[in-house]
Asks: 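Please see the structure below; I have some questions.
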Amino acid sequence: VRAITACTLIGGWLVSACSPTFNWREVRPADADGLVAWFPCKPDSAQRVMAWPGVAKATVTVLSCKADGAIWALRYARLPDAQPVSATLAWWNEDLMHRDGYQADALQPLPVPGMTPQAEAKSWRLTPGRGQAGGEESKPMHGLAWHFSHGLMVFQASVWRPSLYENSANGEDVVSTFQKGFHFPG
């Protein structure tokens, strides 16, 4: 009995000790023109019909999950024709640049293999402004966001975390792994 109990305790400890913080998986979002993504956790999906300047109605899908205290997300929408693609990316950029309480800094665009080149495909670092104090639950988040398109699809990938994102304890650059996981098979 002691041997069985000891083996059970040791086995349980080993399983929990080996549980990875990041459980990377390939995700192929539904109705996303074949986009392939890598998420560090299993994302949940939600949809909402929305409108914005230049687009009277579009279904926006959001995939998101939480790992290592960060929220990993992808939102995307199919537009009715090519005309609003640039305008939508520009509007999404404006939304980030003027988000209340945040400083938005432009970064190098994310080169997603197979994406449709667009001047409005931009990347951003969002830092909470001064006076953004709050309790642990309402603590402002630091964000990284990347906009890109493929045909009539527009995409925003993002990572949000209560503190600046650094490499994980094992040295893995998890944000880079997330970024490099996006591609359209060619």
Asks: Where does the angle between the aromatic ring planes of F148 and F182 fall among parallel (under 30°), tilted (30 to 60°) and perpendicular (over 60°)?
Replies: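 If you compare the ring of F148 with that of F182, the planes turn out tilted.
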Asks: In Å and rounded to the nearest 0.5 Å, what is the OG1 to OH distance from T127 to Y102?
Replies: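 T127 atom OG1 to Y102 atom OH measures 9.5 Å (nearest 0.5 Å).
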Asks: Check this for me, if you would: do E26 and R28 make a salt bridge, where the nitrogen-to-carboxylate-oxygen distance has to be below 4.0 angstrom?
Replies: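 Between R28 and E26 there is a salt bridge, with a charged N closer than 4.0 Å to a carboxylate O.
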Asks: If you look at every heavy atom in H142 and P162, which pair is closest and at what distance?
Replies: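 Taking H142 first and P162 second, the nearest heavy atoms are CD2-O, 3.3 Å.
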Asks: Establish, yes or no, whether the cationic atom of R75 lies under 6.0 Å from the six-membered ring centre of W92 and within 45° of the ring axis.
Replies: yes
Asks: Once rounded to the nearest 0.5 Å, what's the spacing between atom OH of Y76 and atom CD of Q47?
Replies: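 If we round to the nearest 0.5 Å, Y76:OH and Q47:CD are 7.0 Å apart.
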Asks: Kindly indicate, with the supporting measurements, whether the criterion side chain to side chain contact (heavy atoms under 4.5 Å, CB included) is fulfilled by R25 and K42.
Replies: CA-CA 7 Å; R25 64 198 61 230; K42 184 179 180 185; 3.5 Å; yes
Asks: For F39, check ring pair (Phe, Tyr, Trp, His ring centres under 6.0 Å) against everything at least two apart and list the hits.
Replies: F178
Asks: Work out which heavy atom in A121 is nearest to a heavy atom in P109; give both atom names and the distance.
Replies: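 In this case the closest contact between A121 and P109 is O-CB, 3.4 Å.
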Asks: Can you pull out every disulfide (SG to SG under 2.5 Å) where at least one residue sits in residues 65-98? Sequence neighbours excluded, please.
Replies: C41-C65
Asks: Determine the minimum heavy-atom distance between M97 and A104, stating which atoms define it.
Replies: CA-CB, 3.7 Å
Asks: Under a 4.5 Å cut-off applied to non-hydrogen side-chain atoms, are V55 and W91 in contact?
Replies: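 No; the side chains remain at least 4.5 Å from each other.
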